[in-house]
Amino acid sequence: MGKQFDAMLPQHEAFIRQQHIYFIGSAPLSEEGHVSVSPKGHDSLRILSASRVAYLDLTGSGNETSAHLEENGRITVMFCAFDGAPNILRLYGTGKVVLPDSPEWDTLYPLFTPLPGARQIMDIEVHKVQTSCGYSIPFMSYTGERDTLQRWAAQKGEDELIQYRKEKNMKSIDGMPTTLSVLYK
């Protein structure tokens, strides 16, 4: 059923571009630490090459992925077909956090549609691609994007977002520092 590849094939890239939601998985090295699985939406993921993707990360209530990438770099991106033929596709890789004050930001950020609350970009080198059947995934209809997070971020404005990030996004739930702790010393 499942097949593995060293990089994304054109059909993998086409499948990824059709998805409205994807999931990010990361974990600390400590067995007491919490595994994070986070859904992502909007037009926030870019395929940079057959072995590299990046996503624009928006301000949220936590920042687990940043802390995990800072510690060990491990990350998985998962896509599921909720319509059409059943399919699950996972990208296994190592990632790094790109902050707005870095030279990489100036290269990557223009690739994205600007979204209110953008706080960082996750840049991921893919070392394995895996497909699996997805036979048990239900059919679900896409009716549109929620704009709640964007409205919240726009209403807060940049100064309040920075304060929010300092209060809520500097450490993981396990107390690990996130990359934002470098930006907001």
Side-chain angles (χ1 to χ4, degrees), residues 1-28 34-70 72-98 104 107-150 153 172 179:
M1 278 198 212
K3 296 179 181 173
Q4 295 181 356
F5 307 85
D6 293 330
M8 290 178 281
L9 301 177
Q11 62 265 33
H12 300 144
E13 293 182 21
F15 174 73
I16 289 169
R17 287 187 179 99
Q18 293 172 348
Q19 305 314 303
H20 300 287
I21 187 172
Y22 58 98
F23 302 86
I24 300 296
S26 64
H34 293 82
V35 174
S36 176
V37 180
S38 183
K40 303 293 180 189
H42 302 296
D43 181 27
S44 61
L45 185 121
R46 295 293 179 269
I47 299 169
L48 305 177
S49 74
S51 60
R52 186 175 169 215
V53 298
Y55 72 90
L56 184 63
D57 186 59
L58 306 178
T59 302
S61 57
N63 199 8
E64 304 308 299
T65 305
S66 174
H68 298 158
L69 292 183
E70 190 69 28
N72 61 58
R74 297 178 306 161
I75 189 166
T76 299
V77 185
M78 185 182 79
F79 305 87
C80 297
F82 293 107
D83 58 12
N87 190 21
I88 297 172
L89 184 139
R90 291 179 181 89
L91 305 175
Y92 297 98
T94 54
K96 67 177 182 177
V97 180
V98 177
E104 295 101 329
T107 302
L108 292 172
Y109 186 69
L111 302 175
F112 297 93
T113 302
L115 294 171
R119 65 179 170 188
Q120 56 204 2
I121 296 171
M122 306 308 192
D123 186 357
I124 303 163
E125 287 292 328
V126 177
H127 62 260
K128 184 179 300 261
V129 177
Q130 181 181 27
T131 59
S132 56
C133 67
Y135 291 165
S136 69
I137 303 302
F139 285 107
M140 298 171 71
S141 298
Y142 175 76
T143 60
E145 297 287 339
R146 294 178 196 256
D147 67 350
T148 309
L149 184 62
Q150 290 182 42
S172 73
T179 309

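One-based numbering along the sequence shown. The analysis underlying the following values was restricted to heavy atoms, covering all of them including side chains, and did not include hydrogens, waters or symmetry mates. These numbers were taken from a predicted model, which means no experiment stands behind them.
- The side chain to side chain contact (heavy atoms under 4.5 Å, CB included) test with E64 singles out one residue from S172, P28, S38, and that residue is S172.
- Between T65 and M122, the closest side-chain pair of non-hydrogen atoms falls below 4.5 Å.
- Atom NE2 of H34 has 12 or fewer neighbouring heavy atoms from other residues, nucleotides or ligands inside a 6.0 Å radius.
- Side chains of L48 and L111 form a contact here, defined as non-hydrogen atoms less than 4.5 Å apart.
- Side-chain contact check for Y142 versus D83: every heavy-atom pair is 4.5 Å or farther apart.
- Counting heavy atoms from C-beta outward, K40 and D57 have side chains that approach closer than 4.5 Å.
- In summary, the side chains of S66 and T179 do present a donor paired with an acceptor at a separation below 3.5 Å, with no hydrogens or angles considered.
- In this structure, S26 and S36 have side chains that are in contact, with non-hydrogen atoms separated by less than 4.5 Å.
- By the side chain to side chain contact (heavy atoms under 4.5 Å, CB included) test, P39 pairs with I21, F23, sequence neighbours left out.
- Proximity of I16 to L91: side-chain heavy atoms (C-beta onward) are separated by under 4.5 Å at one or more points.
- Annotation: side chain of F112 is in contact with side chain of I121 (closest heavy-atom distance under 4.5 Å).
- For the pair H42 and L58, the minimum side-chain heavy-atom distance is below 4.5 Å.
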